[in-house]
Structures are given as structure tokens and as C-alpha cells.
Amino acid sequence: MPRIENDIKLDFKDVLLRPKRSTLKSRSEVDLTRSFSFRNSKGSYHGIPIIAANMDTVGTFEMATALCQFSLFTAIHKHYAVDEWKEFAAQHPECVQNVAVSTGTGEGDFEKLSAIIAAVPQIQYICVDVANGYSEHFVHFVKDVRQKFPSHTIMAGNVVTGEMVEELILAGADIIKVGIGPGSVCTTRKKTGVGYPQLSAVIECADAAHGLGGHIISDGGCTCPGDVSKAFGAGADFVMLGGMLAGHSESGGETIEKNGKKYKLFYGMSSDTAMKKHAGGVAEYRASEGKTVEVPFKGPVEVTVRDVLGGVRSTCTYVGAAKLKELSRRTTFIRVTQQLNTVFGNDS
Amino acid sequence: MPRVDADLKLDFKDVLFRPKRSSLKSRSEVDLQRTFTFRNSKQTYNGIPIIAANMDTTGTFEMAQVMSKHTLFTAIHKHYSLEEWKTFAASHPECLEHVAASSGSGKADLEKLCSILEAIPLIKYICLDVANGYSEYFVEFVKTVRQKFPNHTIMAGNVVTGEMVEELILSGADIIKVGIGPGSVCTTRIKTGVGYPQLSAVIECADSAHGLKGHIISDGGCSCPGDVAKAFGAGADFVMLGGMFAGHDQCAGDVIEKDGKKYKLFYGMSSDTAMKKYVGGVAEYRASEGRTVQVPYKGDVEGTIRDILGGLRSTCTYVGAAKLKELSRRTTFIRVTQQSSQMFT
């Protein structure tokens, strides 16, 4: 018989952070950088732990070049050729420490990953990304990657529950990507009915990972700087953003003009658009699990980055966290029914 | 590990008043005046405890002139010069008992506040207003102001939880401003994720304040007269309004014409618009936490005031409160999922 879990699982929209007493005088005093040592690779990280998603519209070399100025991170998408990687590493050697090379678990993926790392040995991070991180095949793949690259830091996912976070960490991953279905262009929840509200997923997975000395990325579901703060508050070590970084000059794809307004295409990596582009179409036996939207063109990503970082700094002062590291310890979430007064509409 | 408070917190839109038996014959019998004696200043207040917000669009001298006629209150925004204050005080001395002078917690703000209060001794109220009332620095600032002005009534905020209301009252404030993020042009919740649903904040903070004989202002989140009534019903001693008073003749800023329709600009005091106007732009390390909207031009604020007071009197008759003072004692809120019929909207 099917079992129903009665605990309500929460999304970012269901909570707000309760303010707490603070000795900080200004947002400018807040330190957003974090340092981590990873469990399996023994590598260390220093930076502001916000990651541009490994989608072909967002995880571009242009994005990495812009984000590394702010010591943010970019998971480069898996569709660049080895030569393009070489060129990027030669032109922007300072950015290579803030990027990951991505891979799926398909045929040829492992060879391409090995070729890129052989060509650009400065790369320290590997992002092994599949839609469903619960498969046995995926666990084996993570073990193989760990064996071949013992000192690279491995990000792996996506999963949403503690026991699978533990399994992947024990299989050799350092940082687990958490999130199934929360993304703005993801339709997995609609097409399959499977998913987990992101805030609860992060709280539970962070707890499981930290118990083993591992780390997690909250991947998907952030629609505004406040959501990024909530993800960190819930215990995420890193927060990965797709939609919030889409539509910028640094994003992949052409700018479209319609009625004098500019747009850029943004789509899920299992959407029709992506599958046509990279795999020649949606295979017979599967449904597309992503959608394609036109997002208004927003100019250089720098402006958005400042807005996000300014928001997170402000959150830290409201709860009295002098460092991002302290945010989750100082977090109490309260449950709410609405985020914002919508008398004058929803635009910010 | 982060803690999740399992209690659901409520906004105005989540509740309605349950009607109760009443012996009142007409709304005209309802008395909206209240009298308060303040804990620290020992001063006495008499009036209808609705306040125009200290935003540069609504907390104007022009607004104060109309508000004070109805014994409503105005928190004058902090951007008027000493000379402008002197001119106002000289030409409208009758308004002074219904206004507060506002200040942030910066050094220049305090100096200006001191010079205004020295020049115009008839001002009895000080409104100390910062976005985040939880900083230790703000508590010290409230203490400093209390020491300098032992007989002025001090409003201070904003906060949303009982323990901080108590702390500010014990530090010398008389009336605590309650509300983080509920305002119509506030984006703090979007930009930071921080906030507290306004109805629950008012219920909890009123309880804390009244226990110490302090008072509170419900600041923000009212979008209609019914919300004003809910704020009073929840225990607010005063209700502060920004968006509901925006767009009138008495508001600062020019009337804009677009496609034959008239608008006025309204914006949060941490929005791009306000920061450009007063501090030359948004600083590098921060995000703007407010937005700018064009509200339809509504003419004289007199009409809006009558609408709000009429709504409030009607609420009182529905729950059988002959005086505004009795409203919160006679309030039972029921939880709802919809406020009004959407058929014609």
C-alpha cells in the first residue's frame, strides 16, 4: 500500500527568515566568502559559493569570465569541445580555479571528460550531472570517476534525500547537487509527478552531508535574492542558479528582438530545444522534461550579481551573521502564506 | 541546523472578523478617538491613531495639515530642512501636536533632529526609523535620544518580534513600529528572504508591548480600510499607512499624465529612486530594497480619509465595539482562503 508522509515539506515561498538581534552596523561589514576542505579530494575552496548552472545558456565561458571577478563559481556546460576549453584556459588562466567541467554518464562522456582534464590539468572540479541521481549505474559512474581522478573535487547529483546524499559521498563525491524539479524551466514534476520541495530537501540533505564531512549544492528553485539567502540559511554550502542568471550578455544564445523588446532564449537541458540541439531530437521512449522560455534581456550579469550579493548581505545583517558561514546557524524560518504585498503588482 | 517554526504565521489577507452581537444602532455612534499615556515620556495623546508614513511622498507638511483637521497623525519625513520646519511651524501651529519629526540613526540625522526640536519646542514626537531595528547600534541610538529628550514621546522601529519590542521599550522608546517587508513598495522579503506576516507580528508585538505598558504601530501591509481595522483588531495602538495615502494632492511629486490618465510616483525609501535622490545612488555592497510605482492620481486625501474612517466605524458596529478601544477585545479572527468575490475583477 502506498504510504503518505504527513509532514508538510516546504518550498522557499512557504517561509521567511525571522530577524534576530545583531551587532553589525552596516551590510558592508558582512563577509560572503567561504573556505571549505573537501572530504574525498582533500582539495580546498575559497570564494563566494554561488554557482552558475551547467546549462548551455548559463554555464558559458563568458559567464565564467564575468563571475570569477566576483569570486563566484561556474559549472561549465558539457557541450564545449576540448579545443574550446584549451583556448579558454589559455586566455583566462585566473578563472580556471573557479570552474568545473561537466559530464553526463553516457557513452563517450567519460572519454571527453578525461580528454578535457588531460588538456587543461589546472581544472580542479568535475560536475557529474544526471537528471536522476538514484540509479545504480550513476553510483558506479561516480566511483569510476573518483578512481581515475583521486584528487579532483567531484560534484554529483541530482538527488533530494539524505540516504542518497550519503551513498554518493561514500561512493567518492565531495559535493552533492540537491534538487529534483524546482527549476524555472524544469517540468519533471509535471511530467512525472516526482519531486521534493526545495527548502526541505536542502535542510535534510545538508544535515546528511555535513554528518559525513561532505557538502551540498542547492540546485534550482531560486527566483530572487531572498531565495538564495533561504537556501544558504537552510544549510546549503553552495547555491546554483540557472534562471536568475539567464538573459544576460554573457548567457549563451542569440538576442531576439520582438516589438522593440529584447529577449534571450532559456530552456531546460531535457527540453525539446536542448534535445534537438545536442541529441538530434527527443527519443521515442521519453517525454521532454523541460520547457523553453524567452526571458527579457537584462544586459551585463554584473548588475544581477551585485543585486544578489547585496540581498544576501542584507539578510546576514537582519539575522546578525557577520559571515555567510554563520547564516544557517542563525536561521529560524517562519511559515507564511504570502511573500510580498502585491497591491501594486508583482514586479520588482 | 536551521530551525523551522511549525506555527503558520498570518497576514491580513488570511483572516476576516467574525461578526458579534451588538447593541449599537448606527456607525455614527462609534468613537474612533483614543487616549494614551506613554510609558517613558509620560506624555498624553488624544486623537484617531492613524499615521501617514514618514516617506518623502506621504509624510509631507501638506498631508499633515489635512490629517490634523481629522485628528489623524503624520510622521513627517526626515528630508525637510530646518528652515522648512520653521516656516511650517509658524504658519500651522495647530498641526504640531499631531506630527512627529523623523530621524535615521546616522550622526547627521541626529544633529538635524536636535536643531529642529530646539527650534520648535511644540513638537512632542520623535520617530526613529531604520530598516533593521535589530542592530545593537540602533538600541544604543534610542538610549542616546531618550537621554537627550527625556520628555519627548519616541517612536522606534522597525521590528517584528516580541523580545525586540521589549528591548526597545526598556531602552527608552514609547511606541514601537512593527513591520518588516509588508509594504506595497518594499522588496525586503524578495531581496533578503527576511520578514514576518503582519497580522501575526502585530498580535505578538502588541502583547509584548502592552505587558510593559508600551504601545505599538502596525506599519505597512494595509491595502484597504478592512486591513486597517484588522490591524487595530490584532492589537495595534496606531496604524501607519503609506500606499493607501499615496497618489493624492497632498503627496510630494508631480502629477504625470499618460494616455489621458493621471498618476503620481510612489516609491520605497530604500528604492533606487529614493537612493538616487538622497545619497547619489545605490552603494556597491547593497541591493535596492524598494520599488517605484505609478499610482493612479486620487485627488484630495480628504476623500480617502473619510473612506477609511467610515470602514473602521462599520467594523466596530459589526463586532459591537462602541469605541475603537474595545475593538481588539471584541475581535475574533477566522482563517479564510479568499477575501472577497473575484467575479467582477
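Protein chains get the first letters and strands the later ones, always in sequence-line order, with residue 1 at the start of each. Reckoned from all heavy atoms, side chains included, excluding hydrogens, waters and symmetry mates.
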Engaged part of B:Val160 at the chain A interface, taking heavy atoms whose separation is under 4.5 Å
side chain
When rounded to the nearest 0.5 angstrom, what is the spacing between CG in A:Leu16 and CD1 in B:Ile180?
10.5 Å
The interface call for B:Cys186 against chain A, heavy-atom contacts under 4.5 Å, is backbone
Check: A:Thr337/B:Lys13 side-chain N/O donor and acceptor closer than 3.5 Å
yes
Name the region of B:Val293, side chain, backbone, both or neither, that has any atom closer than 4.5 Å to a heavy atom of chain A.
side chain
Most contacts with chain B, counted as non-hydrogen pairs under 4.5 angstrom, among A:Val336, A:Thr331, A:Ile334, A:Thr332:
A:Ile334
Heavy-atom check, side chain of A:Ser26 versus side chain of B:Tyr285, under 4.5 Å:
yes
Check for a donor-acceptor pair, side chain of A:Tyr318 on one end and backbone N or O of B:Ala131 on the other, with a separation under 3.5 Å.
yes
Okay, A:Leu10 and chain B: the region with an atom under 4.5 Å from a heavy atom over there is side chain
Which answer fits B:Phe266, side chain, backbone, both or neither, if we ask what part of it has an atom under 4.5 Å from a heavy atom of chain A?
side chain
If the condition is disulfide (SG to SG under 2.5 Å), which residues does A:Cys68 pass it with, not counting sequence neighbours?
A:Cys95
Under 4.5 Å to a heavy atom of chain A? For B:Val282 that would be neither
Please look at B:Leu8 and chain A and tell me whether the side chain, the backbone, both or neither of the residue comes under 4.5 angstrom of a heavy atom of that chain.
both
Identify which part of B:Asp14 has an atom lying under 4.5 Å from any heavy atom of chain A, answering side chain, backbone, both or neither.
side chain
Is the shortest distance from a Lys or Arg side-chain nitrogen in A:Arg21 or B:Glu167 to a carboxylate oxygen in the other one below 4.0 Å?
yes
Can you measure from CZ (B:Arg189) to CG (A:Leu17) and round to the nearest 0.5 angstrom?
12.0 Å
Largest heavy-atom contact set with chain A, pairs under 4.5 Å, which of B:Gly195, B:Ser135, B:Pro197, B:Ser223:
B:Gly195
For a salt bridge (Lys or Arg N to Asp or Glu O under 4.0 Å) check, start with the C-alpha distance between B:Glu163 and A:Arg18, then their side-chain angles and the critical distance, and finish with the verdict.
CA-CA 12 Å; B:Glu163 88 289 357; A:Arg18 184 184 196 282; 3.8 Å; yes
More than 12 non-hydrogen atoms from neighbouring residues, nucleotides or ligands closer than 6.0 Å to NZ on A:Lys9, yes or no?
yes
Quick check on the interface: out of B:Asp5, B:Thr161, B:Val194, who has the most heavy-atom pairs with chain A under 4.5 Å?
B:Val194
Which atoms of B:Ser288 are under 4.5 Å from chain A, going by heavy atoms: the side chain, the backbone, both sets, or neither?
backbone
Contact leader toward chain A among B:Gly133, B:Gly220, B:Gly181, B:Ala6, where contacts are heavy-atom pairs under 4.5 Å
B:Ala6
Of the listed A:Gly311, A:Ala206, A:Gly320, A:Cys316, the one with the largest count of heavy-atom pairs under 4.5 Å with chain B is A:Gly311
In terms of heavy-atom proximity below 4.5 Å to chain A, should B:Ala283 be classed as side chain, backbone, both, or neither?
neither
Counting only heavy atoms closer than 4.5 Å, note whether B:Gln198 contacts chain A via side chain, backbone, both or neither.
neither
Residue pairs fulfilling salt bridge (charged side-chain N to carboxylate O under 4.0 Å, His left out) with at least one residue in residues 334-345 of chain A, sequence neighbours excluded
none
Check: A:Thr315 side chain, B:Thr192 main-chain N or O, donor-acceptor pair, under 3.5 Å
yes
Is any side-chain N of the basic residue among A:Arg27 and B:Glu284 closer than 4.0 Å to the acidic one's carboxylate O?
no
Using heavy-atom distances under 4.5 Å, tell me whether A:Lys230 contacts chain B through its side chain, its backbone, both, or neither.
side chain
Determine the minimum heavy-atom distance between A:Ala234 and B:Pro2, stating which atoms define it.
O-CG, 3.4 Å
Under a 4.5 Å cutoff for heavy-atom pairs, which residue among A:Ser328, A:Ser28, A:Ser229 has the most contacts with chain B?
A:Ser28
How far apart are the C-alpha atoms of B:Lys191 and A:Val312, what are their side-chain angles, what is the distance that settles it, and do they pass the side chain to side chain contact (heavy atoms under 4.5 Å, CB included) test?
CA-CA 8 Å; B:Lys191 291 299 168 76; A:Val312 177; over 6 Å; no
Whether the A:Ser314 and B:Glu289 side chains hold a donor-acceptor pair (N or O, under 3.5 Å, no angle test) is what I'd like checked.
yes
Please check: side-chain N/O of A:Asp227 versus main-chain N/O of B:Gly193, any donor-acceptor pairing under 3.5 Å?
no
